[in-house]
Structure formats: C-alpha cells, structure tokens
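Taking it in order: structure first as structure tokens, then the write-up.
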Amino acid sequence: MTDREWVVFDLETTGLSSEWDHIIQIAAVRMRAGRVCGSESFFSYVDPGRSIPSWITQYTGVGDRDVRGAPRVDRMLADFSAWVGTSTLVAHNGHRFDMRFLQAGCVRHGLATRPVTYHDSMWLSRLLWPQPRLRHGLDAVLERLRLTSATARRHDARGDVELLGRAVESMAEQLSRRSEPWELRSAEGVLPGS
DNA sequence: GCTAGGCAGGAACCCCTCCTCCCCT
C-alpha cells in the first residue's frame with residue numbers, strides 16, 4: 001500500500017459546510033515509501049472572498065489579515081493539483097470533509113476536473129484499532145500513538161498536517177508489519193485538471 | 001446562513017428506513 005506516493009493534506013475553512021463555507025488555509029506533505037519527505041511540502045492561505053468569522057479566527061488562528069492578497073480558491077486548487085500530480089491523497093475525515101471542500105471549490109468556479117484517488121486516515125485508524133466504541137478523531141489517534149509536538153500548532157493546517165503525517169506514517173508502518181491480509185479502503189475525489 | 005451540515009454505520013428488518021453518533025472547521 002505504501003508503494004504509491006501519498007500526499008497528506010489538511011484544510012482550514014470558515015466552517016463545516018462545504019456548501020456555505022470556504023477554504024482559508026491548506027497544508028500538505030508528500031510521503032514516499034511510507035515516509036514523510038520533510039523537504040516536500042505545500043502551503044497556502046486562501047482568500048475566501050468574505051470576512052472570516054471571529055470564532056473561526058479564534059479556533060484556527062487564521063484571520064482576515066492572513067488571507068489578504070492570498071490566492072483565491074480556484075488558483076490555489078490549480079497549484080495544489082499540479083503539486084499533487086499522480087499521488088494519492090490522504091486526509092483525516094477527508095471522505096466527509098476535506099474532499100468535499102475540494103470538489104465544492106471546483107464546482108463553484110466551474111473548473112474542469114480530473115479524478116484523484118484518496119484514503120481517509122480515519123479508515124487507517126479503524127483498520128488498526130477495530131474495537132467498537134473507540135474514537136478515531138485526530139486527537140484520539142495522536143494520543144494512542146503518543147504523538148506530540150512542541151512546535152506544531154493544532155488547528156493550523158501546517159501544525160495539523162505535520163502531526164497527521166507522522167500519525168499516518170506510524171499507522172501505515174504498524175499495519176505493514178501485520179501478518180494477516182488487510183486492505184485499506186480508497187475512494188475517488190476530484191482536483192482541477194483534465 | 002451561522003455554532004452548524006451531513007455522512008457513516010448500526011438496528012430493525014428483510015431491503016430499505018430510521019436513528020444516533022462521529023468528525024471535520
């Protein structure tokens with residue numbers, strides 16, 4: 001499963017609804033052969049074209065001043081798509097959150113799209129720890145893996161993607177050591193392209 | 001539009017429908 005290149009990414013947005021809300025920050029790291037390539041990262045603020053709600057600034061640390069002059073979502077998505085190339089995307093709760101925002105951005109701007117394969121790192125967590133009633137949120141996963149960082153700021157895309165990259169690395173390594181067969185679920189989303 | 005939207009997964013029940021909880025910002 002780790003023979004393909006993976007791009008682990010995280011979005012910060014103005015809220016939870018891909019219909020009503022907008023991306024304000026994206027960060028990503030590339031993984032090769034199951035290892036995060038520290039030198040290969042992607043980061044951008046995104047101008048949502050409207051004021052960022054104060055509770056979102058409190059939550060993420062991202063305010064109007066940060067996104068002023070930043071690319072709009074259509075430009076960011078095009079740049080991100082070029083950077084991703086043929087890699088498989090990975091995001092935490094990406095199936096229900098991040099991938100929907102990527103799709104919504106493409107639809108909103110009428111961008112031609114290409115298919116992109118993705119995994120949800122929550123699926124990795126459920127595969128590794130299938131016990132019922134176990135939580136699989138990022139905080140719970142980080143706690144089980146005993147992953148902390150003195151520098152990574154949670155709820156900033158750069159901080160979250162640093163921690164998520166290490167979590168994905170660790171979970172993939174633990175799964176690869178298993179003797180019994182297993183299969184990681186994948187799905188198809190979209191990025192700009194043709 | 002604003003602290004909220006919507007899906008996944010389980011239960012009950014027989015193949016969909018309903019319910020509850022999770023998880024992201």
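In what follows, chains are A, B, ... by sequence order, proteins preceding strands, each numbered from 1.
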Checklist outcome for this item: Sorted by chain and residue number, the salt bridge (charged side-chain N to carboxylate O under 4.0 Å, His left out) partners of A:D120 (sequence neighbours excluded) come out as none

Item to check | Nucleotide B:dC2, atom P - distance to CD1 of A:I52 in whole Å | outcome: 18 Å

Checklist entry - Which part of the nucleic acid, if any, lies within contact of A:G137, taking any heavy atom under 4.0 Å across all strands shown: a base, the sugar-phosphate backbone alone, or nothing? => result sugar-phosphate

Checklist entry - How does DNA chain B read in dot-bracket, base by base from 5' to 3', with Watson-Crick or G-U pairs under 3.5 Å and | used when the partner is on another strand? => result ...(((.((((.....))))..)))

Checklist entry - For A:D98, which contact category applies under a 4.0 Å heavy-atom criterion: base, sugar-phosphate, or nothing? => result nothing

Checklist entry - Quick one: hydrophobic cluster around A:W20, which other residues, with the 4.5 Å side-chain cut-off, linked directly or via members? => result none

Next on the checklist: Is the distance from the ring center of A:H136 to that of A:W129 below 6.0 Å?
Outcome noted: no

Checklist outcome for this item: A:I23 CD1 to B:dT25 P, in whole Å, measures 13 Å

Checklist entry - Any salt bridge between A:E173 and A:R177, counting N to O under 4.0 Å? => result yes

Item to check | DNA chain B contacts made by residues 59-76 of chain A, counting heavy atoms under 4.0 Å | outcome: A:Y59, A:T60

Item to check | side-chain contact (heavy atoms from CB on, under 4.5 Å) involving A:A82 - partner list, sequence neighbours excluded | outcome: none

Checklist entry - So what does A:I24 touch, heavy atoms closer than 4.0 Å: a base, only the sugar-phosphate, or nothing? => result nothing

Give me the distances for all protein-to-nucleotides 8-11 of chain B N/O pairs that come in under 3.5 Å?
residue: B:dA8; atom: OP1; partner: A:H95; partner atom: NE2; Å: 2.7

Next on the checklist: Without decimals, in angstroms, what is the distance between A:D10 CG and B:dC24 C1'?
Outcome noted: 9 Å

